[in-house]
Asker: 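I'd like to ask you about the structure that follows.
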Amino acid sequence: MVDSAIAAAIRTLPKAELHLHIEGTLEPALALELAARNGVELPWTNVDDLAKQYEFEDLQSFLNLYYQLMAVLKTEDDFRDLMLANLRHAAEDGVRHAEIFFDPQVHMKNGTAFETVLNGLKEGARIGRERYGVTVGLIMSVVRDESVASADELIDVAAPYANDILGIGLDSAEVGFPPHLFEDVYRKAKELGWHRVAHAGEEGPVGYIEEALDLLHVERIDHGTHAADSPAMMERLAAEGIGLTSCPLSNLRLNVVDKPSDLPILEFMNNDMAVTINSDDPAYFGGYIAANYDILVTGLGLKLDDLARLAGNSLAVSFITEEERAALFAELEDWKTEHLG
Ligand SMILES: [Zn+2]
């Protein structure tokens, strides 16, 4: 357990969250509530039975449950409520700005219109900003184990709403679905003025990170855990200032690493990489963003000044305006004065 004064400091540390799937914030209780509200049949009828399913062997075993539960999300109100529940947690954990993934292809396959998903999330973000003071950008994520044609169609569906979308991402089952498949999709995304990020090097090899950089022209790598296998890649990521969105509890729960001391966070920091800390799918992996900072203290021995540096990285590689960035860095300086002396 992390010391209570440290835990409290972590929860006031001003930070940005850059790797979170809104569908991954669906808590068992809300999933059951929405299933009842929308008449969706699930194999579990109480929270305890459902919570018992949250033991995973790898990325695929998690994805199976994740996609099954996504079927309970149907209406604008559902997406609004999901966003609001998440932003309440985010605010409690000191998040000041969040760039949040959503997976329209899965919802559209479930019979929910793109506009329904987008409008609900936007409404949740609007209310959440007023209520909790957290700003939100939406990153539309392509499900890489769906066809490339489906990704292409998604771009066409989303294009009229280009201004409501901050960027494009690439997620889901990684191995066997290399970034180069989506070169054309990312070119179109760039033409629409979107930022570009992609999951790479979570379960996939370092070569997938290279493809994401060279062919998709991404500005951040999501996860990037396997960059640690290649000193040359770590040097490149540092030199190009590419942000990495690490998710410690996710890596542990999906057995990407065996134990906290195997997380390459310190190695990335020692190589001057812009590594950031995030929660990925917090409802499934045992904690929101602050719990991911906690594990760096208990598992890697990081100190508050290290955590402040990681939070600073998250502000540095956020897709916010320079004015917003300066304001958040000023908040971080105040926090440092208070907590680091
Ligand atoms: Zn992810």
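Everything numeric here is computed off the predicted structure, so don't read it as measured data. All residue numbers refer to positions in the sequence shown, counting from 1. Ligands are counted one by one from 1 in listed order, and the atoms in each one are counted from 1 as well.
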Asker: Taking the Zn ion (ligand 1) as the centre, how many protein N/O/S atoms fall inside a distance shorter than 2.8 Å?
Answerer: 4
Asker: Think R220 forms a cation-pi with F319, using NZ or CZ under 6.0 Å from the six-ring centre and within 45 degrees of its axis?
Answerer: yes
Asker: List in chain and number order the residues that pass ring pair (Phe, Tyr, Trp, His ring centres under 6.0 Å) with Y186, two or more places apart in sequence or in another chain; answer none if no residue qualifies.
Answerer: none
Asker: Rest of the hydrophobic cluster containing M1 (Ile/Leu/Val/Met/Phe/Trp/Tyr, side-chain heavy atoms under 4.5 Å)?
Answerer: none
Asker: For the residue pair K109 and E146, what are the closest heavy atoms and their distance?
Answerer: NZ-OE2, 2.7 Å
Asker: Can you name the side-chain contact (heavy atoms from CB on, under 4.5 Å) partners of H226, sequence neighbours left out?
Answerer: D229
Asker: Measure from NZ or CZ of K15 to the centre of the six-membered ring of Y293 and say whether it is under 6.0 Å with the direction within 45° of the ring axis.
Answerer: yes
